[in-house]
Each structure stands twice: as C-alpha cells, then as structure tokens.
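Below, each value reflects all heavy atoms present in this structure, side chains not excepted, and no hydrogens, waters or symmetry copies. Fair warning: this is a prediction, and the values are worked out from it, not measured in the lab. Below, read A as the first sequence line, B as the second, and so on, with proteins coming before strands; counting in each chain starts at 1.
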Amino acid sequence: MNNVVEMKDITKRFPGIIANSHVNFDLRQGEIHALLGENGAGKSTLMSVLFGLYQAEEGEILIRGEKVDIKDPNVATKIGIGMVHQHFKLVHNLSITENIILGVEPKNRWHQVDLKKGRAQVVALSEKYGLTVDPDELIENITVGMQQRVEILKMLYRNSNILIFDEPTAVLTPQEIDDLIIVMRNLVNEGKSIILITHKLKEIMAIADRCTVLRRGECISTVEVAKSNPSELAEMMVGRKVNLDLNKKEIDEHKTVMKIRNLSVKDSKGLDAVKNFNLDVRTGEIMCVAGIDGNGQSELIQGITGLTPCSGGTIEFLGKEIQNTKIRERTEMGLGHIPEDRQKYGLVMDFDIKENMVLQSYFKEPFSTHGKLNKEAIKEYSDRLVEEYDVRSSQGSDTTSRSLSGGNQQKAIIAREVDRSPALLLAAQPTRGLDVGAIEFIHKSIVAERDKGKAVLLFSLELEEVLSLSDKIAVIYEGEIVGVLDAKDATENELGLLMSGAKKGDLPDYE
Amino acid sequence: MDTFYGMLTLTLIYSTPILVTALGGMFCEKSGVVNIGLEGLMGFGAFTGATVMYFVQGSASGPYFALLMGMLVGGIVSILHAYMCITLKSDQVISGTAINMFATGVTIYMSQIIFGQQRTVAFNESFTKTTYPLLSKIPFFGKFLFSNIYPTVFIALILVVISWYVLYKTSFGLRLRAAGENPHAVDSVGANVTKIRYSAVIISGLLSGLGGAMMILTQDIQYTSVSIHGTGFIAMAAVIFGRWKPAPILWASLFFGLSQILKIYSTSLGIFAALPLEFFDSFPYILTVIALVVFSGKGVGPKSSGVPYDKGQR
Ligand SMILES: Nc1ncnc2c1ncn2[C@@H]1O[C@H](COP(=O)(O)OP(=O)(O)OP(=O)(O)O)[C@@H](O)[C@H]1O
Ligand SMILES: [Mg+2]
C-alpha cells in the first residue's frame, strides 16, 4: 500500500523538554491511523509539526513520496492536510459560514466576499457527509458537537484529504461520538486518510486500522489494531499493566453531609436550569449525578460551589445553610471542587504550578506569615504534590501552567483539591481528556477519599465511569432528578432510558 | 426654527472629527489592538494640517492638501504604535500613552523650529462654510445638511459608508474582525495576523490624523498644545458607545458633538440658561464618563483586543 504521509526521525524540543524524539510515523492511503499516548507524550506536538504550526529541529516529512517543507499552515493546507485542533479554533461572534470560508473566501465580480456562494458550498458539503449544521447561526450559540462539525467542514471546504483529529471525542456525548464515527467511515470511503488522536481504547478498537503508540516523546511501536487488544495497547502506552478495577471498602455507616432541598439555579439566559432539586450526599459514599450534557449539571455545580447565586431552595452542608455564603467560606468549611472547565475555574494559566497549588490556602500558615508569602514553604509543599500526583512538566513546580499538557493541568488541580482532604469533594468530569494511566490514578485517589469516610459528589458524562466509580447514581434530566439507583443494580440500558427522559425511576423520600 | 437648524449644522460640524477618529479607533480595536493614542495621533494631524494650511493659503485646493498631509503624518506615526504593540508585543495602553505624550512634545518643538513660537502661526483662510445652491432647497434636510456647512462633514459621512463596506463586505474586513476575536483561528487558516493588525493600526493612524486636521481647519485658526483637548478620548468613548459598529458610532459621535455645542446655545435655551458656563465646558467629559460606566463591562468588545498575539500560547 502506498503511504500518503511519512514522518521520519522527527525531533522537536521545547525549553527543558524533548516533546518528540526521533519519531517515525506513516499514514497509508485510505486508512484510519490512531495515535495513542499518555498525557504529554507529544501527540499534539507531532501533529502540529505535520500541520506546520511548529517546525521540527530534525527529521523530514514526505507527502505522497515527495519531500516537503511545511513551514506554516498555509503550506499544509495547499498540500491537502487539514486539522481539527484539541481546542477548537473558531471565531465566536461570526456565523458558521463565515468561519468555514475564513482565509479562502469566495469573491464575486466586485471583490466582495460572496457569502451566498460560500453558504451554498457549506450546505452541499454538510449534506454530502451528513454533518448537520445551521450555516447562519453564530458559533457562540451552538453546541460543542456542532462546533466540531464546523471544524470538520472547514477541512473539507479546503479539499483536504489528509485529516488530523486531535482528541475529537473528549468533549462529545456518547450519541455524538457514534455519529462522528459514521462520518469518519464515510470520509475514508471517499478516499481520504485520517489520523486520530484519542485516549479511548474502545474507539481505537472500533474504527482504527493501525495504532502508533508514543511514550514520553518516543515512538514505542505501530500495531495492527485487529491483531491487538485494549489491555495490550494500554500496557504499551503506560509501560506497565493497567488495572481499572476498583476495590472499594465496605462501609456500613453513613452520615449525611450535604442536603439539597428544592434548589433552583438560573442559567445565563435567566431560565431555570435546575429546579426543585433534592439530593443527599453522605460520608463514605460516592454519589454520582449522571445525565446527558446540558441538563443543568453545570448550573448545579455552580450553585453548590457558589459561582452562581441560587434562586431558591436550600443547601445544608455540615448542618449549616450555605446557599448564601461566600465561596471562601464554603471552601474553608470543607468543600473541595474539581471544576468542569479547568482552564477557566481551575488554574490561573499564567501562574506557575507552585502558585496554583496554594490558591486556596496561600493566606494561611505556613504559606504566609503576617501577610507575607513564604516562598520556601510554598515550593516545598508544591514539590511534594508534583511528586506524589505525578504532574509531568518541564521545570517542576516552576513551570507555568499554560505550557502543561491538558492532562497534566488536570492532575495539578486534583492534587490541590484532594490533598486538602475536604469533607465533601465535588468532582466534575475529573478524567475528561486523560489517558488510562491517569484515569486509573485519579479513580484510586477518589476511592481513597471515600474509604477515609469523606463524601464525594461526582459529575460525569461517561457511563463507564459512572458505573465503575459510584455507589449511588442520581440521574438528572432537564434540571430535575428523575431517579436514584444503586450502582450495583444499575445497567447501561436503564441509565440510558432515565437520562433521555423516557422513563421515571424511584426517588427516595426527602423530608 | 432657524436656531434649531443652526444647531443641527453645528452638531454635524463638531461631530465630524470625533466620527472620523472613532472610525479609525474602531478598525484598530476590531483587529485586536487597543489605541489609547488616538488623541496624540489627532494632535499630529492637527499640527501638520495647521502648518501646511499656513503655507498654502490662497489656493482653492489648499485645505484639502492640508487634510491629506495631516492624514499621512497620522498614518506614519501610528506605525510606531503598531511596531511596539504587534512586533515588540509591549503593553498597548502604555504604548498609546507614550504616543500621546510624544505628540504634545514633538508638535510644540516643531512649532518652535518652524515658527519660532510654541504654536503655529494662525492661517487666515481654510475651509469656508458653504450653502449649496440646489441642495439647500430640499425641505428639512437641505436646511441643515446643505446650508452653511463645511465639506468635511460629507467626507466623514462617506467614510462611514466605506468603513461599513470594508468591514462587512470584503475579505479583509472578515479577517480583521476575526483577528480581534480569535487570532489563533485566523492563523490556523493561513491568514497573517501581524499583517492584518498592522494595516488596522495604520488605518486608525490615517483616520485620526485626518480627524485632527479636520478639527483644526474647521474649529480653530492655529494649532496649540490644547487644540485637541480630549477629543481623541471622546472618540474612544464613541467607539464603545457605538458598539464597535460604523452606524452606531455615527450616532454616538453626533451625540458627543451635540454635547460640545450646547455651551454656545446655553444662554438662548431657557432651561439651561440658569446653569454656569463651566458646566457646559465639562459636560462632554461628564457624558463620556457616564457613557463609559453604563456601556462598558457588557462584554461586547472584541475578545482579544489588547492582547498581543502569541503563536506559542495554547
Ligand atoms: N508551546 C509549548 N511550550 C513549551 N512546552 C510545550 C509546548 N507545547 C507542548 N509542550 C510540552 O511538550 C510536551 C508534549 O505536549 P503535547 O501537547 O504534545 O502532549 P499530548 O500528547 O498532546 O498530551 P495530551 O494528551 O494531554 O493532550 C508536554 O510536556 C508539554 O508540556
Ligand atoms: Mg494533546
């Protein structure tokens, strides 16, 4: 078979770190080639080199057998390479059509941008590949799933035939993932070739032909997916056996630490996103709020943590009503928060790791005395966390958070929140975008908190995680709990029915 | 009734420099560069306009030539701002402030060299107020739009249309708007963020220079260090007030223009007569502050405005 892409001996360094070291990679005509590796292994970097965003210090790239010098994305686009980035690159206040044609605008006789023509082309492409979008809608009004379809259309509009997807499924709902898989199959049948970066082994097994594994910047090997299995892939990637089974201690005694009664929270448009919401969270128990994205989870999290004021009802935490107290007070009482949007609420991106590690406690002994920060104590504390929670970076505690790979940003937040060992740990999508090794670690940390007798309130969109991690599952639909079940008795099928609102389940008695 | 038409005409005339400069500010901010230096750039335009006017008075096309030169100098000085903000990625507010201080210093220094005094020598003639023969007979509009008015007003109104066209109908405009929102998106589709932002800053320089020259040639007889007295900042307020869009900026500029001429009519407008004259002097600035308080913070400005573009940032 002929190779459309050959990357030979690619080396790319960043200050203090070798992101890619002598990596070899090839892509065959018409295949889906998965790229697997831990967080920070250098997957995004390798693909950025192919797309011309970064220049490699060593190595060469051959496209259809010809040596090329891809010095910027323009060159990449011309030779037919397109990329959907891990963080979408869309302009929020422009329409879908405008975003797609940006940079290669069709013009009419008077050199005006011909929006009509562009729109027609977008509609044609979207119909051909089954990528449903509303061409006139603004990006800020559409779902993440549709934003991704816009990114795919952007590549197709430029006639790209080598398509790079950087973690396309991390932000999608299970239904959207199924749709995306169908789209990718269609694209390959059209004769396009696809590189797929993902952490989800199930997806690789489902659609990839081959899989290349990277570890710490080095290429470990390339295997035929059909001749491999998930646990072998996981082992190659992490360098040891991965065990995703959780052994939870039996705990019989539970005390209720948080009682939520008749809570309502409004969304940004002023509509009730959470209404008449009741929930009990107890010690030694992982309570999971499960549901399809956009059913009020975000607003509920913000209401509990204090990021948004609640419009009605009460939250009782350790015997005290907290719905009107300040965020700082809630934190001090023992509420830990692993936020959904790590870059917005979790980290100050331009601070270094050690400063981020003490964001909740910098004003206390030993980190400050009489209002003056104690640099050594902070550094020492942060070094310990970095070590213990395996946060990988180029300069340890002194690395700015922005240069961390997505997964390592997440690990830093988890280190900070779990180490405070709060009475109640609220974890929202704690493993989104993480590799299996890191997921294993984070799941174990959360279970350890539970076993210590702390309460955990988990929010997750992934059914597998919901079923394996939680003790109790509360299904949320349109801002209300429609059923609470024991994780032991729950099935994927039943959860699916509850989450889609097709069925109502049992509710405990809330006094 | 004549007072009323006179007021409208004068509002148009006083709004013109604000409007032209604000359009420049709009381009600049839309592309992602904040330009606090509008005031200083107007100063350069005004100084150049006044100086050229003095030397070319007597010829019919003289005032237009003076405008053109003011515009050019504004454009050239703005390259400095572009270089500091885009190439050197320095703080845009500080760079703009530097331009403002630089403007006062340089113009006075140049006056000293050219005229031997700290201001330009007064010109005797420049634009003249014209009443257009047929057009002024149009009912209502003719009375204030074509009677006793400077031609600069029409230049400004045409510029509003051109700005709208460039911003919303050309590919340059599309890319410019995108660059101020999400430069990474623009870069990833192969358009050059640096080039777009340079063009936008230079456009703002050209327009501010033009605005400054218009102001000096229609409202003054010479350039002094206080000739611009905050009009550049009022233009910035007009950009915010006008939601970074050409037509609303036109209305905002008219509003600020009106606030500036109230002083002239204060004694003849019954209810206002009781207020001290100083109140009218400060009125435009009070309005500016109020407008900023009310309309800021609603987050409709270009998202990446004021942030240097860093390719490596993720
Ligand atoms: N612009 C940059 N400056 C400095 N270091 C960088 C930069 N980009 C990446 N790195 C470093 O290079 C390494 C590889 O990063 P990369 O983003 O390629 O990882 P990844 O495999 O895509 O991880 P993830 O699965 O978390 O997205 C990381 O250690 C990261 O910190
Ligand atoms: Mg990545």
More than 12 heavy atoms from other groups under 6.0 Å of [atom1] on [X]:
| X | atom1 | answer |
| --- | --- | --- |
| B:Phe102 | CZ | no |
| B:Tyr132 | OH | yes |
| B:Lys303 | NZ | yes |

Side chain, backbone, both or neither: which part of A:Phe14 has a heavy atom under 4.5 Å from chain B?
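Interface part for A:Phe14: neither.
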Checking heavy atoms, do the side chain of A:Lys154, its backbone, both or neither come under 4.5 Å from chain B?
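Looking at A:Lys154, just its side chain touches chain B.
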Interatomic spacing from CD in B:Glu181 to CD in A:Glu140 - rounded to 0.5 Å:
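Result: 8.0 Å between the selected atoms.
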Inter-chain contacts: [range] against chain A, heavy atoms under 4.5 Å:
| range | result |
| --- | --- |
| residues 156-171 of chain B | B:Tyr165, B:Lys169, B:Thr170, B:Ser171 |
| residues 186-196 of chain B | B:Val186, B:Asp187, B:Ser188, B:Val189, B:Gly190 |
| residues 70-98 of chain B | none |

If you count heavy-atom pairs under 4.5 Å with chain B, which of A:Val91, A:Val75, A:Leu53, A:Asp114 comes out on top?
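Sorted descending by pairs with chain B, the first entry is A:Val91.
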What residues of residues 92-108 of chain A sit under 4.5 Å from chain B when you count only heavy atoms?
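Checking residues 92-108 of chain A against chain B gives A:His92, A:Asn93, A:Leu94, A:Glu98, A:Ile101, A:Leu102, A:Gly103, A:Val104, A:Glu105, A:Lys107.
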